[in-house]
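Labels below follow one simple rule: chain letters A, B, ... track the order of the sequence lines, proteins then strands, and each chain is numbered from 1.
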Amino acid sequence: MAAKKSQQFDPVETLNAIEEKFEMFQILNEEGEIVNKEADPKLSDEDLQELMRRMVYTRILDQRSISLNRQGRLGFYAPTAGQEASQLASHFALEKGDFILPGYRDVPQLIWHGWPLHQAFLFSRGHFAGNQMPEGLNILPPQIIIGAQYIQAAGVALGLQKRKKDSVAITYTGEGGSSQGDFYEGINFAGAFRAPAIFIVQNNQYAISTPREVQTAAKTVAQKAVAAGIPGIFVDGMDPLAVYVATRDARERAVKGEGPSLIETFCYRYGPHTMAGDDPTRYRTSDIDSEWEKKDPLVRFRKYMEEKGLWNEEQENEVIEKAKEEIKAAIKKADGTPKQKVTDLLGIMYEEVPFHIQEQLDIYKAKESK
Amino acid sequence: MAQLTMIQAITEALKTELKNDENVLVFGEDVGNNGGVFRATEGLQKEFGEDRVFDTPLAESGIGGLAIGLSLQGYRPVPEIQFFGFVFEVMDSISGQMARMRYRSGGSLNAPVTIRSPFGGGVHTPEMHADSLEGLMAASPGLKVVIPSTPYDAKGLLISAIRDNDPVIFLEHMKLYRSFRQEVPEEEYTIPLGKAEVKREGKDLTIVTYGAMVQESIKAAEQLEKEDYSVEVIDLRTIQPLDIETIIASVEKTGRAMVVQEAQKQAGIAANVVAEITDRAILSLDAPVLRVAAPDTVFPFSQAEEVWLPNAKDIVETAKKVLTF
């Protein structure tokens with residue numbers, strides 16, 4: 001006879017118990033009301049205003065980038081609207097010394113970390129000068145291979161630990177990225193070394209067209225942290241305060257030597273996957289879009305701020321004007337950058353130019369001087 | 001001077017650079033306490049501590065990514081991929097990421113990583129251990145690919161590789177690990193990357209080769225000498241970038257050339273060397289440039305290895321075709 005069920009390990013029950021634990025963490029609801037007072041980070045008025053400014057600015061940047069792309073004045077672009085809380089509130093919890101390993105949609109965090117706007121535009125246009133990182137700026141250019149940044153983040157974090165720095169490595173991917181082997185290797189390596197890393201999965205519901213349910217049987221991406229033996233949290237990714245607190249706490253644990261964390265921000269991208277021909281109407285309905293628009297991070301944060309008397313239309317318009325002006329200036333600066341040449345690229349393949357590349361340099365020098 | 005095997009010379013090189021530069025880190029699967037499955041890292045963790053020489057979880061892609069991340073913090077990582085047949089697991093980190101770091105950052109970043117890895121046939125390994133996959137690496141712009149053929153070269157080349165500011169794939173032929181000893185100076189010395197060595201001078205034929213085929217080619221040259229043929233043997237040592245100047249100077253002298261590689265014939269290093277020779281020295285040639293290589297199958301199960309692998313006899317046969325054309 002089998003032993004009584006109560007004495008046995010029940011794997012199904014265990015899984016259900018774990019999954020139930022991963023409830024959504026929220027502070028600010030869709031109406032802009034604090035629903036979790038204990039978790040309220042109580043940011044200063046100035047900080048709250050700065051976060052609002054950054055979100056409004058970035059929404060404008062997204063709109064302008066899309067229209068510049070349509071005019072043929074930008075190249076590769078992955079829209080960001082809907083993900084402002086996930087991107088900017090997580091970044092708001094960082095310090096200058098923290099190192100960002102972004103995916104290709106994570107241009108806003110890089111800009112707020114100090115990547116000059118005209119360089120972001122040059123990156124979009126496919127010019128290598130976009131990726132020439134100013135000294136002391138702790139970022140990598142946006143990663144194209146899904147998930148590759150996760151394993152590199154484990155390495156940067158281990159390096160920061162070995163250098164005894166009070167900084168973290170933070171990396172971003174989408175829920176599609178969480179299906180990659182590199183995702184698991186990244187969180188597992190960082191966990192094994194207790195390295196100061198923050199792994200953020202912006203679950204924006206679709207990997208290009210593939211819905212989240214197709215990616216995994218797991219109820220949340222956050223629970224994947226359990227397998228790596230690291231803390232994971234499932235956050236309302238449209239709630240800037242919740243994203244901020246989750247990242248701030250993960251950062252605190254990391255610099256205290258308590259190892260990495262996984263944060264899933266449950267969010268949405270309103271736009272297409274990229275501007276290179278993706279048509280979202282093929283895989284989602286306008287009903288789904290409007291459901292998510294009700295949760296919009298800017299709308300709820302604006303309500304909250306106005307209620308507190310910290311935000312008004314005038315301030316909003318000021319940010320919009322500033323954004324438009326700076327974007328215009330940055331485009332002008334990007335336009336003024338000399339066209340990239342093949343000889344530029346041949347010259348940076350190796351520290352010292354080898355014989356065979358020198359020959360090709362000479363050929364392309366002649367071609368390009370015609 | 002000590003008589004060392006290649007594996008001992010490699011350990012010496014690692015020790016030298018761990019001592020010289022505190023940014024050098026050695027890591028991989030079983031490289032710490034165990035000293036590596038071939039003992040290449042024997043005693044290093046004890047001497048330099050777990051912070052500098054350490055085991056990683058068992059995942060090659062993770063090891064590659066870890067190396068890139070550490071290099072971004074100013075370290076000089078020397079990871080080991082336990083067998084080079086496992087490289088497919090880490091191809092993105094190597095060819096997609098570290099090879100491109102300097103280029104994609106517009107020259108503002110670099111990845112001074114040296115990946116060491118055993119490869120090569122003749123030692124009866126299971127599948128996916130022995131394959132000669134250097135051609136894959138040589139096809140990735142941004143990488144340097146080094147394959148030593150002697151203990152002396154292994155030490156000097158590995159020290160240069162670790163000091164190099166670009167990513168280097170350093171491939172160690174398993175059959176050469178302990179097959180012979182050679183005098184290796186205790187003090188540090190370097191052998192420049194990208195420079196071939198004329199192992200044996202000759203007037204009638206140039207054999208260009210690398211890795212375990214250097215010994216086979218020398219054996220073949222000695223046999224041919226008995227038949228009054230004077231054969232020059234060039235050990236490439238670095239297969240990417242190629243030392244084209246040394247190859248061409250030799251071919252212009254001898255007027256006949258062949259290339260010997262252990263890898264399959266298709267799309268290999270040998271084909272590339274032949275192309276360079278015909279591009280640059282066709283008017284010096286008295287005969288077609290032939291190749292000795294393995295047949296175009298996947299690396300064989302070990303029972304068929306002896307016939308599959310090119311050897312001195314195959315080289316002599318082909319050399320005669322070139323010499324008597």
Is chain B contacted by the side chain of A:Phe355, its backbone, both, or neither, given a heavy-atom distance below 4.5 Å?
side chain

With no hydrogens and no angle check, just 3.5 Å: does a side-chain donor-acceptor pair link B:Ser250 and B:Glu232?
yes

Is there a donor-acceptor contact under 3.5 Å linking the side chains of B:Asn110 and A:Glu351?
no

Turns out that what part of A:Gln180 lies under 4.5 Å from chain B's heavy atoms comes down to neither

Flag the one option from B:Gly107, B:Pro241, B:Ser61 with the top tally of heavy-atom pairs under 4.5 Å to chain A.
B:Ser61

Pick one of side chain, backbone, both or neither for B:Glu22, based on which atoms fall under 4.5 Å of a heavy atom in chain A.
neither

Strictly below 4.0 Å, N to O, side chains only: are A:Glu252 and A:Lys256 in salt-bridge contact?
no

Chain A contacts, top residue of B:Ala99, B:Gly62, B:Pro167 (heavy-atom pairs, under 4.5 Å):
B:Gly62

If you measure from the Lys or Arg side-chain nitrogens to the Asp or Glu carboxylate oxygens, is any gap between A:Lys341 and A:Glu368 under 4.0 Å?
no

Go through the atoms of B:Leu242 and report whether side chain, backbone, both or neither lie under 4.5 Å from a heavy atom of chain A.
neither

Chi angles and distances behind the side-chain contact (heavy atoms from CB on, under 4.5 Å) call for B:Ile234, B:Thr246:
CA-CA 8 Å; B:Ile234 294 176; B:Thr246 298; 4.3 Å; yes

Quick check on the structure: residues of residues 48-58 of chain B within a heavy-atom distance below 4.5 Å of chain A, by number.
B:Asp51, B:Phe54, B:Asp55, B:Thr56, B:Pro57

Value rounded to 0.5 Å, distance of OG1 in A:Thr210 from CD in A:Gln215
6.0 Å

So, the part of B:Asn165 with a heavy atom under 4.5 Å from chain A: the answer is both

Taking 4.0 angstrom as the limit, do B:Glu17 and B:Arg163 come out as a salt bridge?
yes

Going by heavy atoms in the side chains, are B:Val168 and B:Leu193 under 4.5 Å from each other?
yes

Going by an N to O cut-off under 4.0 Å, is there a salt bridge joining A:Asp98 and A:Arg251?
yes

For chain B, which residues from residues 102-119 of chain A lie under 4.5 Å away (heavy-atom distances)?
none

Between A:Tyr184 and A:Ser178, a side-chain donor and acceptor under 3.5 Å:
no

Close approach to chain B in residues 139-155 of chain A, criterion heavy atom under 4.5 Å:
A:Leu140, A:Pro141, A:Pro142, A:Gln143, A:Ile145, A:Ala148, A:Ile151, A:Gln152, A:Ala154, A:Gly155

Rounding to 0.5 Å, atoms CG (A:Leu361) and OG1 (A:Thr343) come to a distance of 6.5 Å

Will you find, in the side chains of B:Ser149 and B:Arg237, an N or O donor that is under 3.5 Å from an N or O acceptor?
no

B:Glu188 side chain vs B:Thr16 backbone, donor-acceptor pair below 3.5 Å
no

Between the side chains of B:Ser105 and A:Asn131, does any donor sit under 3.5 Å from an acceptor?
no

Ranking B:Lys144, B:Arg104, B:Glu245, B:Arg100 by heavy-atom pairs under 4.5 Å to chain A gives rank one to B:Arg104

What do the steps show when you test B:Gln97 against B:Asp92 for side-chain contact (heavy atoms from CB on, under 4.5 Å), and what is the final call?
CA-CA 6 Å; B:Gln97 306 290 328; B:Asp92 179 55; 3.2 Å; yes

Name, in order of residue number, those residues of residues 65-79 of chain B that have a heavy atom at a distance of less than 4.5 Å from a heavy atom in chain A; otherwise write 'none'.
B:Gly65, B:Leu66, B:Ile68, B:Gly69, B:Leu70, B:Leu72, B:Gln73, B:Gly74, B:Tyr75

Between A:His127 and A:Phe121, is a side-chain contact (heavy atoms from CB on, under 4.5 Å) present by the stated rule, with each step listed?
CA-CA 9 Å; A:His127 194 305; A:Phe121 290 149; over 6 Å; no

Under 4.5 Å to a heavy atom of chain B? For A:Phe123 that would be neither

Residues A:Lys224 and A:Glu264 bridged, charged N to O under 4.0 Å:
no

For side-chain contact (heavy atoms from CB on, under 4.5 Å), just list the numbers for B:Phe170 and B:Ile115, CA-CA rounded to whole Å, side-chain angles, deciding distance to a tenth of an Å, and then say yes or no.
CA-CA 6 Å; B:Phe170 191 88; B:Ile115 295 184; over 6 Å; no

Short question: side chain of B:Thr41, backbone of B:Gly35 - any donor-acceptor pair under 3.5 Å?
yes

Would A:Asp362 and A:Lys367 pass as an ion pair if we require N to O under 4.0 Å?
no

So, B:Glu134 and B:Tyr210: side-chain donor and acceptor under 3.5 Å apart, yes or no?
yes

